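Here the structure is a predicted model, which means the values were calculated and not measured.
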Amino acid sequence: MKNYTLGIFSALLIAALMLCQPVSARSFKSYSKQKLPGKVVMLDGKVYTGTVRVPAIASKMASVTEDGQKKPILLPAEEVDYVEMYNPKAGPLASYKIVRTKVFEFGKLRKNYIWLIEAGEWTHIKLFRNAHFYQFNDNGSFTLIMESNNNLPPSFFYMAMRPGEPYVTTIAMDQRGFIGGTHSYFKRYGAEYFADCPELVQKVQDKDFKASNIREVLAFYNEWKENLLNPKKPAEAVKPAQPAKPAAKPAKPATAKPAVKK
């Protein structure tokens, strides 16, 4: 592993900071044992609550120490649905969800399950990020920590998943200026993923949408999907007011007939 300076990864870091998700390619020994209060939710619906050890991307077990206990419970990763943690120092709303799933990328489904952090959620789509380790910060943000080999920059990806899909799909890369490029991958695989929305695909091809504004892309897709499933009814035309009917003529006063003399 290497320590890289901000200058080497300036483009990568700027993009991440815009998403409030800093990235790092430094030694992660100090991060591998981070623990936070939270819960582990199993595929069968059972929930373990207590102190959760933050799982690494390839962790084969989920670790949780229940309240009042000293020894952690080790749960097989293949039986876990997701892990959710909270950072008390960052406020009550600072929660993080790490999901165990397979990844479809470069046109193929990877065999192994990995742990990915949920980085954004809309009604009809979710955003995920990858890292070897996830560091949760006291200001409510989180840092993606990757190890790098052979002096090459680490690979950060954006993944998406729609309701009902069994795995996430990598739609964009976060490797500007390096292998694969940022927009070239997004232009091909991102466009394939969003093929059901031709207007979005055209924006990708025209570079109106880029990987650097991935959240805007997913928000656009979510709005399009919502309008497709729940089209807004056109406003009913207001009928012109009918002219008022003329007032009825006042009734003539009744006149008494003179009595007839017999």
Side-chain angles (χ1 to χ4, degrees), residues 1-41 47-59 61-75 77 80-101 114-122 126-148 153-159 168 174 212-216 218-219:
M1 290 180 287
K2 303 290 183 178
N3 290 330
Y4 289 89
T5 64
L6 180 62
I8 297 176
F9 292 110
S10 58
L12 181 61
L13 289 170
I14 291 172
L17 287 172
M18 290 176 64
L19 296 175
C20 296
Q21 298 159 15
V23 296
S24 173
R26 53 189 285 188
S27 172
F28 47 69
K29 290 182 180 179
S30 60
Y31 299 105
S32 60
K33 295 183 179 180
Q34 187 181 20
K35 298 178 182 179
L36 290 172
K39 60 184 178 181
V40 178
V41 180
V47 179
Y48 295 87
T49 304
T51 302
V52 179
R53 180 171 178 173
V54 179
I57 192 169
S59 295
M61 307 290 287
S63 173
V64 55
T65 304
E66 294 186 303
D67 296 338
Q69 302 297 318
K70 294 182 179 181
K71 188 176 180 179
I73 300 173
L74 300 180
L75 303 165
V80 176
D81 186 8
Y82 66 89
V83 173
E84 188 168 6
M85 291 152 291
Y86 312 90
N87 190 345
K89 295 181 180 180
L93 299 181
S95 64
Y96 316 91
K97 182 183 289 187
I98 299 180
V99 177
R100 183 179 174 275
T101 180
I114 61 174
W115 296 88
L116 299 174
I117 189 165
E118 187 176 299
E121 181 178 11
W122 294 261
K126 291 182 179 180
L127 175 67
F128 295 87
R129 300 297 306 275
N130 72 305
H132 287 119
F133 287 89
Y134 307 100
Q135 166 68 21
F136 302 111
N137 308 312
D138 292 346
N139 63 0
S141 67
F142 61 84
T143 302
L144 305 176
I145 304 167
M146 298 287 283
E147 70 173 325
S148 54
S155 300
F156 295 97
F157 298 97
Y158 298 101
M159 294 92 159
V168 303
D174 206 0
S212 56
N213 57 347
I214 196 69
R215 288 177 176 272
E216 183 180 344
L218 268 62

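Counting non-hydrogen atoms of other residues, nucleotides and ligands closer than 6.0 Å to NZ of Lys97 gives a total above 12.
Looking only at side-chain heavy atoms (C-beta outward), Asn87 and Asp138 come within less than 4.5 Å of each other. Residues Met159 and Asn130 are in side-chain contact: their nearest non-hydrogen atoms beyond the backbone lie under 4.5 Å apart. For the pair Trp115 and Val99, the minimum side-chain heavy-atom distance is 4.5 Å or more. In this structure the side chain of Asp67 never reaches within 4.5 angstrom of the side chain of Gln69, judged on heavy atoms. Counting only heavy atoms from C-beta outward, the side chains of Lys39 and Val83 never approach each other to under 4.5 Å. Taking 4.5 Å as the limit, every side-chain heavy atom of Ile57 sits out of range of all side-chain heavy atoms of Phe133. No side-chain heavy atom of Met85 sits less than 4.5 Å from a side-chain heavy atom of Ser95.
Each of Val52, Val40, Leu116, Val54 was checked for a side chain to side chain contact (heavy atoms under 4.5 Å, CB included) with Ile98, and the lone residue meeting it is Val54.
The two residues Lys126 and Phe128 have their closest heavy-atom pair at CB-CE1, 3.7 Å. Across all their heavy atoms, Ser59 and Ala77 have their closest contact at O-CB, 3.7 Å. Considering every non-hydrogen atom in both Lys71 and Thr65, the closest pair reads O-CG2, 4.1 Å. The minimum heavy-atom distance between Val80 and Ala62, with the atom names listed, is CG2-CB, 4.0 Å. Here the closest non-hydrogen pair linking Leu74 and Met61 is CB-CE, 3.4 Å. Here the shortest heavy-atom pairing between Arg215 and Gly120 reads NH1-CA, 4.1 Å.
Here the straight-line distance linking atom CD of Glu118 with atom OG1 of Thr101 works out to 11.5 Å at 0.5 Å rounding. The distance from atom CZ of Arg100 to atom OH of Tyr82, rounded to the nearest 0.5 Å, is 16.0 Å. Of the inter-residue distances, the one linking Tyr96 atom OH with Ser141 atom OG reads 6.5 Å to the nearest 0.5 angstrom.
Between Tyr134 and Phe142, a ring centre-to-centre spacing not shorter than 6.0 Å is recorded.
At distances below 3.5 Å, at least one donor-acceptor pair connects side-chain atoms of Gln34 with backbone N or O atoms of Phe136.
The cationic atom of Arg129 (NZ for Lys, CZ for Arg) does not lie both less than 6.0 Å from the six-membered ring centre of Phe157 and within 45° of the ring axis.
Side chain to side chain, Thr143 and Asn137 meet the donor-acceptor criterion of an N or O pair below 3.5 Å.
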